[in-house]
There are 2 protein chains.
Amino acid sequence: MVVRNPDETRTKILDAALDEIHLRGFQGMRVDHILKRTGLTKGALYHHFTNKQAIGYAIVDEILGQDIMERWVGPLEKSANPVVTFIEICENERAGKNASQIEKGCPVNNLTQEMSPIDEGFRERLEKVYQTWTGAIAESLERGINNGVVRDDIHPEKVAKFLLASLQGIIGVAKCCKEESVLDDMAECMRDYLISLLSQEGLSQVDLDILKAS
Amino acid sequence: MVVRNPDETRTKILDAALDEIHLRGFQGMRVDHILKRTGLTKGALYHHFTNKQAIGYAIVDEILGQDIMERWVGPLEKSANPVVTFIEICENERAGKNASQIEKGCPVNNLTQEMSPIDEGFRERLEKVYQTWTGAIAESLERGINNGVVRDDIHPEKVAKFLLASLQGIIGVAKCCKEESVLDDMAECMRDYLISLLSQEGLSQVDLDILKAS
DNA sequence: ATATAAACAGACTAGTTGGTTTGTCAAATA
DNA sequence: TATTTGACAAACCAACTAGTCTGTTTATAT
């Protein structure tokens, strides 16, 4: 008797597809590879998804969007100091990644670069991810301004977009650099920039050990 | 009698291929499309290139590498103030681009995100491009420090890499944003950061009209 | 003028790729 | 219990795709 669990099957497909897309891109991802990795057949896959595109869309909407919520939006919403929290998230993400993971970069950025110019459905979905992402950063910065820890002469929305862009740029450039030191050099500059967003009050509140490495 | 010009034929192939790759990526580029666009045949194309990969490699080595030399390395080498020159190049590039060009992004970044994790040949070539690019920025910053226009407490190499990464990040994020204002918002923050790299002397030397828009 | 090699033209092919179709089996439903 | 439907299995297919092969035309060297 074969155990049937449609939800698990669907998740297995998406997980395998994301892993393939992460490395090879959406166009480079092959449906047959997903089948081999999951042990499923065409019948199963095309029962859950109308076509390859639908798999890609579901990954952005469900997995990637959810990931950003957990890793960024949640922590930033709870944070009293957005700059410190931003740095902490970056350092956590960095710590959990080895060389081959650095080479693969950020799935959101990868898909944006590859698909947004040629598939409006992807573009719309990825734009939505960016909006919630930057929205959370902007809101946390605004709260930081109101709390007096962040400089009040900055534009939260603009800085939030710039922060996210710089982060994606760093991860993106690091993809083609053999030495991991390049990544850390860029991260160091980003950290300096982030700290420059703090007000005098915010600076004095920051733990010493967060500043000492600069 | 058909006029034969092998050099021109080769260039035509590379130009058409770059245009296709710029929009669809290397994997999304189709050899047949190149043939249709150029009016050439398989025989001609495979006389000049051993395979599709060789076309991609040639584009990075010859066209993209050359482009960076002309647009960035040259101007920066001649520049007395790297910060001002950097801003000027950015603004020139921005001014020459419409919405659909913004959507396509930077070919160097696109290829990096797509190909560097799955093709070592691409990665090596793109890394070389980044090295000359960041090298030129770093050298100009160092000269700026020596001339007293750039702050002497910054690390030229690290800042150069960060600047390039941020630039690529901005261009990359802008690819999936409908409103062009997002691009300009991010660019404004980048400009602020660039200006923050100037020393007191450098700041006083900067034209008023370059600073007024901030 | 002739030989040789470079620069093509274009039909052909082998392997791939996303997707379809038909059928089976288990579970919910009536 | 009978029946319908959801969840798969797997053979099949048409379109595509990079690359090859043979032949032809043009340029170049002698």
Side-chain angles (χ1 to χ4, degrees), chain A residues 1-60 62 111 114-115 118-122 125, chain B residues 1-60 62 111 114-115 118-122 125:
Chain A
M1 189 180 75
V2 180
V3 177
R4 284 189 175 175
N5 192 333
D7 285 353
E8 194 184 301
T9 300
R10 193 187 136 90
T11 302
K12 263 167 63 181
I13 294 169
L14 290 181
D15 286 347
L18 172 56
D19 209 52
E20 280 274 311
I21 290 171
H22 196 179
L23 178 65
R24 308 188 189 282
F26 178 75
Q27 297 179 101
M29 180 267 276
R30 302 297 171 212
V31 172
D32 280 350
H33 292 186
I34 309 303
L35 301 180
K36 266 184 196 156
R37 289 179 58 142
T38 57
L40 296 166
T41 60
K42 286 249 166 122
L45 190 142
Y46 282 99
H47 173 73
H48 287 281
F49 299 96
T50 58
N51 52 27
K52 185 184 172 185
Q53 192 186 51
I55 299 176
Y57 287 2
I59 285 175
V60 179
E62 300 168 33
L111 276 175
E114 181 191 4
M115 298 308 295
I118 54 175
D119 189 304
E120 179 65 9
F122 267 109
R125 286 165 171 81
Chain B
M1 189 181 78
V2 180
V3 178
R4 282 190 176 176
N5 192 334
D7 284 353
E8 194 184 301
T9 300
R10 194 187 134 91
T11 302
K12 263 167 62 181
I13 293 169
L14 290 182
D15 286 348
L18 172 56
D19 209 52
E20 280 273 312
I21 290 170
H22 195 178
L23 178 65
R24 307 188 189 282
F26 177 74
Q27 297 180 101
M29 180 266 276
R30 303 296 172 213
V31 173
D32 280 349
H33 292 184
I34 309 302
L35 301 180
K36 264 183 196 156
R37 289 179 58 143
T38 57
L40 297 166
T41 60
K42 286 256 164 113
L45 189 140
Y46 282 99
H47 172 74
H48 287 281
F49 300 95
T50 57
N51 51 27
K52 186 183 171 184
Q53 192 186 50
I55 299 176
Y57 286 3
I59 285 174
V60 179
E62 299 168 33
L111 275 175
E114 181 190 4
M115 298 307 295
I118 54 176
D119 188 305
E120 179 65 10
F122 267 108
R125 286 167 171 81

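Residue numbers begin at 1 in each chain, while the letters A, B, ... track the order of the sequences.
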query = What string of B, S and - do you get for nucleotides 10-17 of chain D, 5' to 3', if B is base contact, S is sugar-phosphate-only contact and - is no contact with any protein heavy atom under 4.0 Å?
reply = BB-----S
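- Across the protein-nucleic acid pair, A:His48 atom NE2 and D:dG6 atom C1' stand 9 Å apart, rounded to whole Å.
- Note that CZ of B:Phe26 is 6.5 Å distant from CD of B:Gln53, once rounded to the nearest 0.5 Å.
- In this structure, A:Asn5 atom CG and C:dA26 atom P are separated by 16 Å, rounded to whole Å.
- Side-chain atoms of A:Arg125 come within 3.5 Å of backbone N or O of A:Gly121 as a donor-acceptor pair.
- Residue B:Leu35 contributes atom CG, which lies 13 Å from atom P of C:dC8 at whole-angstrom precision.
- Put simply, CG on A:Asp7 is 14 Å from P on D:dG6, counting in whole angstrom units.
- Counting heavy atoms from C-beta outward, B:Thr9 and B:His47 have side chains that stay 4.5 Å or more apart.
- Distance CZ (A:Arg4) to P (C:dT24): 13 Å, rounded to an integer number of Å.
- Under a 3.5 Å cut-off, the side chain of A:Lys52 and the backbone N or O of A:Met29 do form a donor-acceptor pair.
- In terms of position on DNA chain D, the residue among B:Gln27 and A:Thr9 whose nearest nucleotide sits closer to the 5' end is A:Thr9.
- For B:Ile34 against B:Ala17, the heavy-atom pair with the smallest separation is CD1-CA, 3.4 Å.
- The separation between A:Leu45 atom CG and C:dT17 atom C1' is 13 Å, rounded to whole Å.
- Note on A:His47: a side-chain N or O is less than 4.0 Å away from OP1 or OP2 of D:dA7.
- A donor-acceptor pair under 3.5 Å is absent between the side-chain atoms of B:Glu114 and the main chain of A:Glu114, judged by distance alone.
- B:Phe49 has its CZ atom 12 Å from the P atom of C:dC8, to the nearest Å.
- Counting to the nearest Å, the P atom of D:dA27 and the CD atom of B:Glu8 are 13 Å from each other.
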